[in-house]
Amino acid sequence: MTAPVIGVLALQGDVREHVAALSGVGAQVRAVRRPGELDAVDGLVIPGGESTTISKLVDIFELREPIDKRIAAGMPVYGSCAGMIMLATELLDGRPDQRGFDGIAMTVRRNAFGRQVDSFEAPVGITGIEDGPLHAVFIRAPWVERVGDAVEVLGTVTDGPAANRIVAVRQGNLLATSFHPELTGDLRLHAYFADLVRAAT
Ligand code: GLN
């Protein structure tokens, strides 16, 4: 089987870590900064970082309309953390000028876990991923407060103050997690996304 070509939106955030993880699961990886580079990929990862900055840069680099169009045409996209925020159709606690893509029908709260649990790690089981829960790393992470009918909840926090909060979702070819699998060396989520891209191509 040919390797899927997966882009990483390379405007800001932990681009390198996603590139390494995607290479590790056998994808051909490309940095995406221009519309022409977007045309050349079968799927896209929006990394963690700072969603307000990514939103601004998406406009400066004239990528908003091209990405919305590719999403509407069924391109698989995976957003982690700030990337999840960018994929939400509705955002709480965002900056008034930040804007996401026409992505997953969900309401996401930015920096949701609050000060005490600003950054934490927890095991999170993901529907469709075998061999036990992922070790999920949360860094000033969002959570999902509401999902539309088309959205499948793939993972929730199991205990502690944030128990039952939704932290992984999928709507068709769009995938989002509150946490950062690219920081752990566990490649199962990237493998799941690469399979999704392969199936869609
Ligand atoms: N708090 C960040 C934001 O609002 C997200 C943090 C992250 O991606 N690690 O974009």
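The figures here come from the full heavy-atom set of this structure, side chains too, leaving out hydrogens, waters and symmetry mates. Just so you know, ligand 1 is whichever comes first in the structure, and atom 1 is the first atom listed for that ligand.
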ask   = Does some side-chain heavy atom of Ile139 sit less than 4.5 Å from a side-chain heavy atom of Ser119?
value = yes
ask   = Which ligand 1 atoms does Ser51 reach within 4.0 Å, using its non-hydrogen atoms?
value = 3 (C), 4 (O), 10 (O)
key: Side chain proximity check, Leu134 to Thr184, heavy atoms < 4.5 angstrom   = no
note = Quick note on ligand 1: atoms under 4.0 Å from a heavy atom of Glu50 include exactly 2 (C), 3 (C), 4 (O), 10 (O)
remark   = In ligand 1, the atoms that come under 4.0 Å of a heavy atom of Gly49 are 2 (C), 5 (C), 6 (C), 7 (C), 8 (O), 10 (O)
key: Proximal atoms of ligand 1 relative to Asn111 (non-hydrogen, under 4.0 Å)   = 1 (N), 2 (C), 4 (O)
Arg110 contact mode with ligand 1 (heavy-atom cut-off under 4.0 Å) = side chain
request  = Heavy-atom distances under 4.0 Å are what count here, so tell me which part of Ile85 touches ligand 1: side chain, backbone, both or neither.
outcome  = side chain
task = Could you tell me whether Thr52 and ligand 1 have an N or O pair separated by under 3.5 Å?
result = no
query = What atoms of ligand 1 come closer than 4.0 angstrom to any heavy atom of Arg140?
reply = 1 (N), 2 (C), 5 (C), 6 (C)
query = Should the ring pair Tyr78 and Phe193 be called parallel, tilted or perpendicular, given that the plane angle runs from 0 to 90° and is split at 30 and 60?
reply = tilted
ask   = Taking only heavy atoms of Gly48, which atoms of ligand 1 are found under 4.0 Å from at least one of them?
value = 8 (O)
task = Could you list which atoms of ligand 1 come closer than 4.0 Å to a heavy atom of Ile139?
result = 6 (C), 7 (C), 9 (N)
query = Would one find more than 12 heavy atoms of other residues, nucleotides or ligands at under 6.0 Å from atom CG of Asn164?
reply = no
query = Do Glu182 and Arg16 sit within salt-bridge range, that is, some charged N less than 4.0 Å from a carboxylate O?
reply = no
Presence of salt bridge, Glu145 and Arg109, under 4.0 angstrom = yes
Arg110 with Glu50: basic N within carboxylate O range, under 4.0 Å = yes
inquiry  = Please verify the inter-ring angle class for Phe113 with Trp143; under 30° counts as parallel, over 60° as perpendicular, anything in between as tilted.
reply    = perpendicular
key: atom 7 (C) of ligand 1: nearest protein contact (heavy atom, Å)   = Cys81 SG, 2.8 Å
